[in-house]
Number of protein chains: 2
Amino acid sequence: MESLGETIRKRREDKELPLRTVAAYLDIDQAILSKIERGQRNANREQVIKLARFFNMNETDLLVSWLSDKLVYEVRNEDVALKALQVAEEKVKYQKMKKL
Amino acid sequence: MESLGETIRKRREDKELPLRTVAAYLDIDQAILSKIERGQRNANREQVIKLARFFNMNETDLLVSWLSDKLVYEVRNEDVALKALQVAEEKVKYQKMKKL
DNA sequence: TCTGTTTTGAATGATTTTGTCAAAAATACA
DNA sequence: TGTATTTTTGACAAAATCATTCAAAACAGA
């Protein structure tokens, strides 16, 4: 279970690229990319999409990774984290069903 | 699948209480409570706890309802909402496992 | 040590959240 | 209807959170 940050750091190190290079492609300061890789900052959607393009990864997969990171962050330190995620899942399913 | 807002509105109407009364107990403006009940605003943890006490409900259950609402809100309009929730669940489980 | 890379944290800006207030809209009911 | 009560709305302000920049510190390797 890898976070988006861990994933892209691996990719970047595989290619032996400095933060600078990827950050330039994303048009952000390398400090931000460093923080994103280490999970200290959240990327935004545009950055995730660019990262997928840069590293030739499936965009949807990376967006799922990113979104799920945000969800995990939202329930950090919560006793009922797991339960809440499960209930949220049911709620989303229910809403989807209602739309048909 | 009921949101926290729907739940407490029902309770309040059952008891035929005006927003004013419950809002006073929570120490907030009734406008906010109105918005919380209709899902336009998020309650905070303290308010959820007070609501549970006020309506004699199980605090944990209400917190789960509240947290899951927040999660649903976070993935609204996302194509990959369900997938992201499932992945988040696995991530949380994985983290929990690692701690043992 | 020198060079390039990464991390850190303070400062600043931008955005979001939270709440208040008062007026408008809706509701209840004599 | 008319009046009182409740609810909703939206403008506004304060507070909190979040993103970004920058420069310095820490780190890695030759």
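Chain A is the first sequence line, chain B the second, and so forth, proteins listed ahead of strands; every chain is numbered from 1.
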Provide, to the nearest angstrom, the distance between the [atom1] atom belonging to [X] and the [atom2] atom belonging to [N].
X      : N       : atom1 : atom2 : result
R38(A) : dT7(C)  : CZ    : P     : 5 Å
R45(B) : dT17(C) : CZ    : P     : 17 Å
N42(B) : dA16(D) : CG    : P     : 18 Å
L19(B) : dA22(C) : CG    : C1'   : 16 Å
D29(B) : dT6(D)  : CG    : C1'   : 13 Å
I36(B) : dT8(D)  : CD1   : C1'   : 14 Å
Q30(A) : dA24(D) : CD    : P     : 15 Å
I32(A) : dT20(D) : CD1   : P     : 5 Å

- Of the nucleotides dT20(D), dA22(C), dT6(C), which one has an atom closest to the side chain of P18(A)?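 The nucleotide sitting nearest to the side chain is dT6(C).
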- Between the side chains of R38(B) and S34(B), does any donor sit under 3.5 Å from an acceptor?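 A donor-acceptor contact under 3.5 Å links the two side chains.
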- Query: D69(B) side chain to L4(B) main-chain N or O, any donor-acceptor pair under 3.5 Å?
  - Reply: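 Judged by distance alone, yes, a pair lies under 3.5 Å.
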- Tell me, with the steps shown, if L82(A) and V75(A) meet side chain to side chain contact (heavy atoms under 4.5 Å, CB included). CA-CA 8 Å; L82(A) 214 54; V75(A) 298; over 6 Å; no
At less than 4.0 Å, is any side-chain N or O atom of [X] found next to OP1 or OP2 of [N]? Yes or no.
X      : N       : answer
Q47(B) : dG19(C) : yes
R12(A) : dT5(C)  : no
R20(B) : dT6(D)  : yes
Q40(B) : dT9(D)  : yes
S34(A) : dT7(C)  : yes

- Message: Looking at the base of dG19(C), is there any donor atom on it, or on the side chain of K35(B), that sits under 3.5 Å from an acceptor on the other one?
- Response: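 A donor-acceptor contact between them is absent.
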- Evaluate whether atom CD of E16(B) has more than 12 neighbouring non-hydrogen atoms of other residues, nucleotides or ligands under 6.0 angstrom away.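 12 or below, so no.
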- Report, as yes or no, whether the 6.0 Å neighbourhood of atom CG on D14(B) holds more than 12 heavy atoms from other residues, nucleotides or ligands.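 Yes, the 6.0 Å shell around CG holds more than 12 heavy atoms from other groups.
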- Task: Find which nucleotide of DNA chain C each of Y73(B) and R9(A) is nearest to by heavy atoms, and output the residue with the more 5' nucleotide.
- Result: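 Of the two residues, R9(A) wins.
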